[in-house]
Amino acid sequence: MHFTINGQHHEVEADIRTSLLDLAREHLGLTGSKKGCDHGQCGACTMLVNGRRINSCLTLAVMHQDDEIVTIEGLGQPDKLHPLQAAFVSHDGYQCGYCTPGQICSAVGMLDEAKKGWPSHVSADLTDAPLDDHEISERMSGNICRCAAYPNIVDAIAEVAGLSDEQRQPEREVAA
Amino acid sequence: MRSFTYARADTAEQAVRDNDADGCVFIAGGTNLLDLMKLQVETPEKLVDISRLPLAEIEEREDGGLTIGALVPNSDLAADRRVIEKYEVLSRALLAGASGQLRNKASTGGNLLQRTRCYYFYDLASPCNKREPGTGCSAMGGFNRVLAVLGTSEHCIATHPSDMAVAMRALDATVVTLKKDGDKRRISIHDFYRLPGDTPHIETVLEPGELITHVELPAPVEGARHVYRKVRDRASYAFALVSVAGVVTVEDGRIAHAALAFGGLGPMPWRDDAVEAALVGQAPSDAAFGAAADALFRDAQGYGHNDFKIPLARRTLIATLRELTAE
């Protein structure tokens, strides 16, 4: 099988059953993406495939041979952090850190979705759904943090989204 | 996970040709199928990968309706401006389901074919007529809080898990398929699902190897209000205990059109003409809404833990109807 991950081409011999997550972790040494539940419930394995966030544990590697795959390692490195990585550090958006790579990859995908104008379950108006704290929480609900660092995760994402305090906590009608 | 052979199809015709034996399964988003394969609830011998078929477009038809390719991801369908403007209940239902990551992967066709989340269906150590016909139903006398109160049989009380399919029923969608012999078929969503009866493992009228290619929505009902209300154990990323999709118009103070479909209550996205008959022609009132709920639950049966769903769904229906008919 052949893959493009973080801009690098790889040829890999792997069992047909290999998930995209196991491909990265077990075959390519990219252990940033984490295996939490392995059932698509926790989000720790989130990667970006063709720019969209997905659960890499719930997809077969063989189905992604012609895709552009980005893992946490491709977003930034210790000497050159992605803005979201830096914001998670400065806002203490984690405790144990296990969910963090998935949180950050998910946040990158989520911010892009918001930029495209995609609404969410809590958007009162589906055609005009600016980000605020409530929107961020809803849109990030596929990423579980066992340490419950959620308030700081929202702070980090809100900072990178460039939200003011007023934008973060607007008076809103809560959708049913 | 049991091993399997794999073939990637480039056209729908090739996909149905590649699906050439018992034990062949199509895979698109795979978010439900792979989960079930990991647990060996599903053990296909061959996967036919349809994720690259050119079926990811949403097109407007001359009759005012929409044709949705079976591979349109749930997130794209929810965010499509034509869907939001003309079929808001569908966007709302999609956004109420799963997570951002899953909606990016899950397909329109696959969502219709989701399997139940009944605990016993997932537990290989428990008898389950849906997973292994003839072994019995563990849910009936077990933990059945999340399971069905309508349309059940003595063999199965599983619920259908989809939010999207509930909206599709309220919108009178049509499922378009390609059969193994090359024939196309159009199936009303109202005829698409089967009640469990004594064959709960057979959930739809699809024939072996039949591929969903599109879902069609008829032209939207003029002037209708759309609501999707979902009640669940947590505020996000959970399956429905009860959900209601409603498309209603009020003219001259009376309900002129009502389409109501329900999730979390039955083995299929539920719709019942008697509910709508109780509403059309009536002035909106709690008495009329209560009569609609009476009609919905005339044959309902709880199994202990899930008895609460009947009053919960009654109140959810009444609240949804108030919202749909408020001035």
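In what follows, chains are A, B, ... by sequence order, proteins preceding strands, each numbered from 1. As the structure is a computational prediction, the values presented were derived from the model and not from experiment.
With hydrogens and angles left out, the side-chain atoms of His91(A) and Glu159(A) include a donor and acceptor closer than 3.5 Å. In this model, a donor atom of one side chain and an acceptor atom of the other lie less than 3.5 Å apart for Glu135(A) and Ser120(A). A donor-acceptor contact under 3.5 angstrom links the side chains of Ser106(A) and Arg53(A), judged on distance only. Asp67(A) and Thr4(A) are not linked by any side-chain donor-acceptor pair at a separation below 3.5 angstrom, with hydrogens and angles left out of the test. Under the 3.5 Å distance criterion, with hydrogens and angles disregarded, no donor-acceptor pair is assigned to the side chains of Tyr150(A) and Ser137(A).
Between chain A and the options Ala78(B), Ala98(B), Ser75(B), Ser99(B), the largest number of non-hydrogen pairs under 4.5 Å is found for Ser75(B). Most heavy-atom pairs under 4.5 Å with chain A, from the set Ala96(B), Ser91(B), Gly29(B): that is Ala96(B). Counting heavy-atom pairs closer than 4.5 Å to chain A, the top-ranked of the candidates Val227(B), Ile84(B), Thr320(B) is Ile84(B). Interface remark: of the candidates Val62(A), Thr46(A), Thr59(A), Val62(A) forms the most heavy-atom pairs closer than 4.5 Å to chain B.
Looking at Met110(A), there are no atoms closer than 4.5 Å to chain B (heavy atoms on both sides), in backbone or side chain. In this structure, chain A has heavy atoms under 4.5 Å from both the backbone and the side chain of Ile27(B). Looking at Ser236(B), both its backbone and its side chain come within 4.5 Å of chain A, counting heavy atoms on both sides. With a threshold of 4.5 angstrom between heavy atoms, Leu33(B) does not approach chain A through any atom at all. Contacts of Ala106(B) with chain A are absent, with no heavy-atom separation under 4.5 Å from either backbone or side chain. Looking at Ala319(B), neither its backbone nor its side chain comes within 4.5 Å of chain A, counting heavy atoms on both sides. Contacts of Arg81(B) with chain A are made by side-chain atoms alone, with heavy-atom separations under 4.5 Å and no backbone atom involved.
Contact check on Asp22(A) versus Lys35(A) returns a salt bridge, with a Lys/Arg side-chain nitrogen under 4.0 Å from an Asp/Glu carboxylate oxygen. With respect to Glu88(B) and Arg225(B), no salt bridge is recorded, no charged nitrogen being found less than 4.0 Å from a carboxylate O.
With a 6.0 Å cutoff to the six-membered ring centre and a 45° limit on the axis angle, Arg2(B) does not count as a cation-pi contact of Phe4(B).
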